[in-house]
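Since the model is a prediction, treat every value here as computed from it, not as a measurement.
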Amino acid sequence: MTTRIPPKEITGLYGAVVKKFSARMFGQVPESLGVMWHHVPVLKASMRFGQQLQKWDECDEGLKSFAHMAVASLVGCSWCLDFNYFMANNHGLDVERAREIPRWRESEVFTPLEREVLEYAEAMSQTPPTVTDELVESLSEQLGSAGLVELTSVIGYANLTTRSNVALGIESEGFAAACGLKPMAERAAVRSSA
């Protein structure tokens, strides 16, 4: 992996904790942590928010995972696709469907609700966003207001992480391959720029 900012050595007491946690979780210390180590308060804030949103439970975990992967696929963040595919496996989610996210429009494995969630994730990620009243109304009816607010916040966070990784040149580190998952499906065609 060649990042646009070279990774910095992860040092200090907090660095030791981060490396130990990362090695236990991933089997390695991701090189991307070294990039983010240039600004530890940013790293801490991002990790803290990521951990907090994993505790939310108003929206189905699988839907949130699929939404994050849809954003990553649209934006082109191979790190987020790889990581979320790996995490879907670790959380017991349906990895056969997860691997189809890059080609969700052509795939026949998704339910109507999942398709709406994927469409919403992409619509939120367009510049400018292309979210419609009809889509919000439909999702609100199916997920409830709290569930839709949660899903929306997860998609917003996904845009923060995916766009930051792409801008910094942070790419896949092979988490999914290391645990024997099949490669992700290829995206059929880019519909519009994100």
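- Here the NZ atom belonging to Lys20 is positioned 16.0 Å from the CE atom belonging to Met25, to the nearest 0.5 angstrom.
- At least one side-chain heavy atom of Tyr157 sits under 4.5 Å from a side-chain heavy atom of Leu160.
- Atoms CG and CZ, on Asn89 and Arg99 in that order, are 13.0 Å from each other to the nearest 0.5 Å.
- Taking CG of Asn84 as the reference point, atom CZ of Phe175 lies at 11.0 Å (rounded to 0.5 Å).
- Considering only heavy atoms from C-beta on, Trp104 comes within 4.5 Å of Glu119 through its side chain.
- Between the Glu173 side chain and the Ser32 main chain, a donor and an acceptor come within less than 3.5 Å of each other.
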> Trp37 and Glu9: side chain to side chain contact (heavy atoms under 4.5 Å, CB included), yes or no, with the steps?
Replying inline: CA-CA 8 Å; Trp37 201 255; Glu9 183 181 357; over 6 Å; no
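- Between Trp79 and Phe83, the ring-plane angle classifies as parallel under the 30° and 60° cut-offs.
- With hydrogens and angles ignored, the 3.5 Å screen pairs a side-chain donor or acceptor of Ser153 with a backbone N or O of Val149.
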> Would Glu31 and Thr3 count as a side-chain hydrogen bond (donor to acceptor under 3.5 Å, both in side chains) if you check the C-alpha gap in whole Å, the side-chain angles of each, and the deciding distance to 0.1 Å?
Replying inline: CA-CA 9 Å; Glu31 188 175 348; Thr3 56; 4.9 Å; no
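- The cluster map of Ile, Leu, Val, Met, Phe, Trp and Tyr, joined by side-chain heavy atoms under 4.5 Å apart, puts Ile170 and Met87 in the same cluster.
- At a threshold of 4.5 Å between non-hydrogen side-chain atoms, the residues Phe110 and Ile101 count as touching.
- No side-chain heavy atom of Met47 sits under 4.5 Å from any side-chain heavy atom of Met36.
- The heavy-atom pair separating Asp82 from Ser172 by the smallest distance is OD2-OG, 3.2 Å.
- For Ser145, the side chain to side chain donor-acceptor pair (under 3.5 Å) test picks out no residue, with sequence neighbours left out.
- The hydrophobic cluster containing Leu151 does not contain Leu53, counting ILVMFWY residues as joined when their side-chain heavy atoms lie under 4.5 angstrom apart, directly or transitively.
- The main-chain N or O of Ala121 is found under 3.5 Å from a side-chain atom of Ser125 such that the two form a donor-acceptor pair.
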>> As a quick check of understanding, evaluate side chain to side chain contact (heavy atoms under 4.5 Å, CB included) for Leu148 and Tyr120, giving each step before the final call.
In response: CA-CA 10 Å; Leu148 181 56; Tyr120 184 62; 3.8 Å; yes
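- Residues Leu135 and Leu143 fall within the same hydrophobic cluster, defined by Ile, Leu, Val, Met, Phe, Trp and Tyr side chains chained together at heavy-atom separations under 4.5 Å.
- In this structure, Val154 is not a member of the same hydrophobic cluster as Tyr85, with clusters built from ILVMFWY side-chain heavy atoms closer than 4.5 Å.
- Pairing each heavy atom of Ala98 with each of Met184, the nearest pair is O-CE, 3.6 Å.
- In this structure, Ser140 contributes its side chain and Val136 its backbone to no donor-acceptor pair below 3.5 Å.
- Between Arg103 and Ala185, the shortest heavy-atom distance links the atoms CD-CB, 3.5 Å.
- For Phe49, the CZ atom counts as densely surrounded, since its 6.0 Å shell holds more than 12 non-hydrogen atoms of other residues, nucleotides or ligands.
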>> Pair Glu96, Val109 - check side chain to side chain contact (heavy atoms under 4.5 Å, CB included), show working.
In response: CA-CA 9 Å; Glu96 288 304 313; Val109 301; over 6 Å; no
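- Thr152 has its side chain within reach of Met124: a pair of non-hydrogen atoms, C-beta onward, lies under 4.5 Å apart.
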Mind listing the side-chain donor-acceptor pairs of residues 56-77 below 3.5 Å, one per line with the distance, residues two or more places apart or on another chain?
from	atom 1	to	atom 2	distance (Å)
Asp60	OD2	Gly62	N	2.9
Asp60	OD2	Leu63	N	3.0
Lys64	NZ	Trp56	O	3.0
Lys64	NZ	Glu150	OE2	2.6
Ser73	OG	Arg187	NH1	3.2

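- Rounded to the nearest 0.5 Å, atoms CD (Glu141) and CD (Glu116) are 9.5 Å apart.
- Screening Asn165, Asn159, Thr161 against Arg163 for a side chain to side chain donor-acceptor pair (under 3.5 Å) leaves a single residue, Asn159.
- Gln51 contributes atom CD, which lies 9.5 Å from atom OG of Ser46 (distance to the nearest 0.5 angstrom).
- Leu113 and Ile155 fall within the same hydrophobic cluster, where Ile, Leu, Val, Met, Phe, Trp and Tyr residues are linked whenever their side-chain heavy atoms come under 4.5 Å apart, directly or through other members.
- Here Lys44 pairs with Tyr14, Val40, Arg48 under the side-chain contact (heavy atoms from CB on, under 4.5 Å) rule; sequence neighbours left out.
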